[in-house]
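Worksheet: the structure to be examined is printed underneath.
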Amino acid sequence: MKELIILFTLSYFFTNAQMRDSSRILSFETIPPELETDPVISSDDAADDVCIWYNPKDSNRSIVVGTDKKWGLISYALNGSILSKSPFGKINNIDIYEDFSYQGGAYPLLFGSNRSEKTIDIYRLFPDGKLQRLNQIKVPELREVYGITFYGGEQHRYVFLSDKKGRIQQWMFGLRGDLPDLKLLRTLKVKSTVEGMVADEHHEKLYFAEENKGLWEVNVPPWKDKAFQLLIATDKDQLLADFEGITLMERPNGEGMIFISIQGNNAYGVVDRKSKKFLGGFRIGNNNDIDAVDDTDGIDLATFSSRLFPQGVFIAQDGYNGAENQNYKFVDLGRILDYINQKP
């Protein structure tokens, strides 16, 4: 009996030591933003998702496009100033196809989930930040279009669209006449709301956030078994629901990191792309007149070098921007990577 008591006691302290170590591992470092965008047009909960276009001719003239989900799309310069405003309706989420080629030309396409029209909208982005809507595709089955992401594989290109009922539609991208177009292939399903998604062409995976459950992956090729796998689960202690926006930092040979907006923690988690190990997390604090970030939905990052961001930029929607309308905060990606890489 004494041996059992001693064994139980040792087990108890060992388990609690693990929990304390886990708590330290999952602590969130605070990293300041470098700058912020001008506020969006609409008040209250309006800004949501964001994507980044790399300008191959001049990285300093690259463009950020964010949603005002009560009004339309706003494009920004890398210094946060507004370039163009486009009243396309209630565009909830967006993603980009950077190198669409057509009839000898090449330009970026944007895909938006339009809640006003219940459509997938396809836009052309011009180098001055202006946007032109090229097509609208009606969406069957989904009650309310929500999250969206683009998959640019070498042979097949897809758009994934989600809703608040846990359904994810997979659409084939192609051309119909002179217009970029989509054809519905299949619908995937989990139990509850999905918004944040990002595609991994190297590993042929879709990573998506079931808000109250966690980070999932599923096979992209329709001819393969779906192989749903829960990679990182929410819990009631460290990683609190909701999981929201997701973005991917790609490195050669399939290496890199998956970034998740963890709204319940007002923080961001970082997951190794190959091992799927949770590497740590961070928050975005204040910096002089720039306020801290709370209640983030959409995020994106880019690794190209520019004058303002020599090691790349991480961008997050800010759900509370003081007395002003919501906006987006820009963080030096190098600072984030320095912190993540120095963790044990």
Side-chain angles (χ1 to χ4, degrees), residues 48-51 53 65-75 84 86-103 105-126 130-190 193-199 201 206-208 218 220-223 226 245-246 297-298 300:
D48 195 288
D49 197 23
V50 64
C51 67
W53 172 63
V65 181
T67 64
D68 179 331
K69 61 186 177 185
K70 297 181 177 181
W71 186 83
L73 297 174
I74 303 173
S75 61
S84 180
S86 302
F88 290 131
K90 297 177 181 178
I91 313 301
N92 198 80
N93 281 49
I94 52 171
D95 200 15
I96 190 166
Y97 176 12
E98 291 205 41
D99 53 357
F100 172 66
S101 298
Y102 179 62
Q103 291 185 345
Y107 51 85
L109 292 179
L110 267 64
F111 300 87
S113 54
N114 188 330
R115 295 164 72 180
S116 296
E117 305 291 338
K118 196 183 173 185
T119 57
I120 300 172
D121 289 8
I122 304 177
Y123 312 93
R124 176 177 179 177
L125 175 65
F126 291 88
K130 292 182 180 178
L131 290 155
Q132 176 189 5
R133 185 158 57 196
L134 301 178
N135 202 0
Q136 285 187 299
I137 294 90
K138 285 290 184 181
V139 176
E141 300 178 17
L142 302 190
R143 179 176 296 180
E144 185 176 13
V145 296
Y146 208 38
I148 198 165
T149 196
F150 177 75
Y151 177 95
E154 291 184 5
Q155 294 183 338
H156 302 284
R157 295 171 178 82
Y158 305 108
V159 169
F160 291 89
L161 180 74
S162 69
D163 74 354
K164 293 185 178 182
K165 298 294 184 181
R167 291 172 292 191
I168 303 172
Q169 292 182 339
Q170 182 172 355
W171 296 72
M172 174 75 80
F173 173 82
L175 289 172
R176 186 184 296 273
D178 293 334
L179 294 177
D181 203 1
L182 300 170
K183 179 181 179 181
L184 182 60
L185 295 181
R186 63 173 177 168
T187 300
L188 309 170
K189 183 75 172 67
V190 290
T193 299
V194 172
E195 182 175 12
M197 300 184 289
V198 70
E201 290 87 359
L206 174 72
Y207 307 123
F208 65 90
V218 64
V220 166
W223 54 89
K226 298 182 184 70
I246 306 176
D297 282 321
D300 199 9

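All values below were derived from every heavy atom in this structure, side-chain atoms included, with hydrogens, water molecules and symmetry-related copies excluded. We count residues from 1, following the sequence as given. What you are looking at is a predicted structure, and each value in this text was computed from that prediction instead of being measured.
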Exercise for the section: Taking atom NZ of Lys189 as the centre, report whether more than 12 heavy atoms of other residues, nucleotides or ligands fall under 6.0 Å from it. Expected result: yes
Practice task
Please determine, by modelled atom types, if Tyr123 and Asn135 share a side-chain donor-acceptor pair under 3.5 angstrom.
Solution key: no
Fill in the blank from the handout: Rounding to 0.5 Å, atoms CD1 (Ile148) and SG (Cys51) come to a distance of 10.5 Å
Practice task
Indicate whether the side chain of Arg157 and that of Tyr97 have a donor and an acceptor atom separated by less than 3.5 Å.
Solution key: yes
Practice task
Please examine the side chains of Leu185 and Trp171, heavy atoms only from C-beta on, and report whether any two atoms are closer than 4.5 Å.
Solution key: no
Exercise for the section: Find the distance between OG (Ser162) and CD (Glu195) and round it off to the nearest 0.5 Å. Expected result: 6.5 Å
Exercise for the section: Pick out which of Ile246, Leu206, Asp300 makes a side-chain contact (heavy atoms from CB on, under 4.5 Å) with Val198. Expected result: Ile246
Handout entry: Residues Glu144 and Arg115 bridged, charged N to O under 4.0 Å
Key = yes
Exercise for the section: Grab the two heavy atoms, one from Thr149 and one from Ala199, that are nearest each other, plus how far apart they are. Expected result: OG1-N, 3.9 Å
Exercise for the section: State whether the number of non-hydrogen atoms from other residues, nucleotides or ligands found under 6.0 Å of Lys90 atom NZ is greater than 12. Expected result: no
Exercise for the section: Would you check if Ile91 and Asp121 make a side-chain contact, meaning some heavy-atom pair closer than 4.5 Å? Expected result: yes
Exercise for the section: Indicate yes or no: at least one non-hydrogen side-chain atom of Pro87 is less than 4.5 angstrom from one of Trp71. Expected result: yes
Exercise for the section: Rounded to the nearest 0.5 Å, what's the gap from CG on Asp48 to NZ on Lys69? Could you check? Expected result: 4.0 Å
Practice task
List the steps and the verdict of side-chain hydrogen bond (donor to acceptor under 3.5 Å, both in side chains) for Asp178 and Tyr102.
Solution key: CA-CA 9 Å; Asp178 293 334; Tyr102 179 62; 2.7 Å; yes
Problem - Nearest-0.5 Å distance, CG of residue Asn114 to CD1 of residue Ile122 - result: 12.0 Å
Handout entry: Within-4.5 Å side-chain heavy-atom neighbours: Tyr146 and Thr193
Key = yes
Handout entry: Donor-acceptor contact below 3.5 Å, side chain Asp49 vs main chain Ile94
Key = yes
Exercise for the section: Using distance alone, with no hydrogens and no angle criterion, decide if Gln170 and Arg186 have a side-chain donor and acceptor under 3.5 Å apart. Expected result: yes
Exercise for the section: Could you tell me whether Phe173 and Tyr158 have their ring centroids closer than 6.0 angstrom? Expected result: no
Handout entry: Heavy-atom pair with the smallest gap, counting every atom of Arg167 and Arg143
Key = NH2-N, 3.6 Å
Problem - Sole candidate of Leu73, Asn93, Val50, Ile74 that passes side-chain contact (heavy atoms from CB on, under 4.5 Å) when paired with Thr67 - result: Leu73
Completion exercise
d(Leu188 CG, Ile168 CD1) to nearest 0.5 Å is 5.5 Å
